Amino acid sequence: MTAITSITSIVTASFLGSFVEIVEAFTIILAVGVTQSWRAAFTGIAAALVFLAVLVMLLGPLLYLIPLELMQFVIGTLLLLFGLRWLRKAILRASGIIPLRDEEKAYAAETEMLLRRAADRRADFLAEVAAFKAVLLEGVEVVFIVVAAGAGQGMIGYASIGALAACLLVLAIGITVHKPLARIPENGLKFAVGLLLASFGIFWVGEGLGANWPGGDLSLLPILAIFTIVSLIAVRSLQSNFQAGTEKDFR
């Protein structure tokens, strides 16, 4: 795999993973801005971004103190676990066992909660906290995705470009439509991101253990293919079992 292909795969994984997280944060921010005030929303966003910036500045330099092989093994393990968590949830949603996330429903629930608090004298503060928590929680996951996707091959800069592009795209769409981004196929994105992150995880764990992958970075392709095939088989199997169980319940 060429350097260009490696960069493309890292930027893609970072972009898709960050896009999903930013969409979820945007839903809450929109609810805060519409029901309470945009000042409260932007105050919460600013506070969370400052906190994340400090976190990155404190932890970022530590990465360069860790031996490359150890960093690849640790990040690869975390990336594999993180990717499998996303993949598991995406498989369960695709098979119908758990419901798909509905951004409009999440927006309505958040709006209802904020409206109930509107009479509280602390309403602005509570709205700021809601925006802060949304950006902070999703932002921490974005930071992890960027570090995990880029650190293994020293391409954090490229991974950051993917995350920044996702942020700008969500903001552009959100400003244009002024409503929750419910039509985005979030589960499909999570499925793809889970496959990519898990594949990177396996690859970098092997790198950290000193494995000599045949074809170098090209080994990512068969790893990704295996994860994809097994995941699709799991979806079909779970769908069949779930439908059979449902039909049995109605008899």
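All values derive from a computational prediction rather than experimental measurement.
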Least distance between heavy atoms, [X] atom then [Y] atom:
{"X": "Ala163", "Y": "Val142", "value": "CB-CG1, 4.0 Å"}
{"X": "Leu195", "Y": "Ser231", "value": "CD2-OG, 3.7 Å"}
{"X": "Ala25", "Y": "Glu138", "value": "CB-CG, 3.7 Å"}
{"X": "Ala166", "Y": "Ser18", "value": "CB-CB, 4.0 Å"}
{"X": "Ile202", "Y": "Trp213", "value": "O-CZ2, 3.6 Å"}
{"X": "Val11", "Y": "Tyr158", "value": "CG2-O, 3.4 Å"}

Do [X] and [Y] belong to the same hydrophobic cluster, where Ile, Leu, Val, Met, Phe, Trp and Tyr are linked whenever their side-chain heavy atoms lie under 4.5 Å apart, directly or via other members?
{"X": "Leu224", "Y": "Leu232", "value": "yes"}
{"X": "Phe26", "Y": "Leu49", "value": "yes"}
{"X": "Val140", "Y": "Leu164", "value": "no"}

Measure the [atom1]-[atom2] distance between [X] and [Y] for me, rounded to the nearest 0.5 Å.
{"X": "Glu128", "Y": "Lys133", "atom1": "CD", "atom2": "NZ", "answer": "14.0 Å"}
{"X": "Phe15", "Y": "Ile22", "atom1": "CZ", "atom2": "CD1", "answer": "8.5 Å"}
{"X": "Leu87", "Y": "Leu92", "atom1": "CG", "atom2": "CG", "answer": "9.5 Å"}
{"X": "Phe19", "Y": "Leu169", "atom1": "CZ", "atom2": "CG", "answer": "5.0 Å"}

From CA spacing to verdict: side-chain contact (heavy atoms from CB on, under 4.5 Å), Phe200, Val205: CA-CA 8 Å; Phe200 277 120; Val205 165; over 6 Å; no
Should Phe227 and Leu84 be marked as a side-chain contact (heavy atoms from CB on, under 4.5 Å) after you check the CA-CA gap, both sets of side-chain angles, and the distance that decides it? CA-CA 10 Å; Phe227 268 117; Leu84 289 176; 4.0 Å; yes
Exam field: side chain [X] to backbone [Y], donor-acceptor pair closer than 3.5 Å:
{"X": "Gln239", "Y": "Ala94", "value": "yes"}
{"X": "Ser237", "Y": "Ile233", "value": "no"}
{"X": "Ser14", "Y": "Ala159", "value": "yes"}

Are the side chains of [Y] and [X] in contact, using a 4.5 Å heavy-atom criterion?
{"X": "Ile29", "Y": "Phe42", "answer": "no"}
{"X": "Leu81", "Y": "Arg85", "answer": "no"}
{"X": "Ile91", "Y": "Phe191", "answer": "yes"}
{"X": "Leu196", "Y": "Trp86", "answer": "no"}

Could you label the plane-to-plane angle of the Phe51 and Phe132 rings as parallel, tilted or perpendicular, counting under 30° as parallel and over 60° as perpendicular?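 Correct class here is perpendicular.
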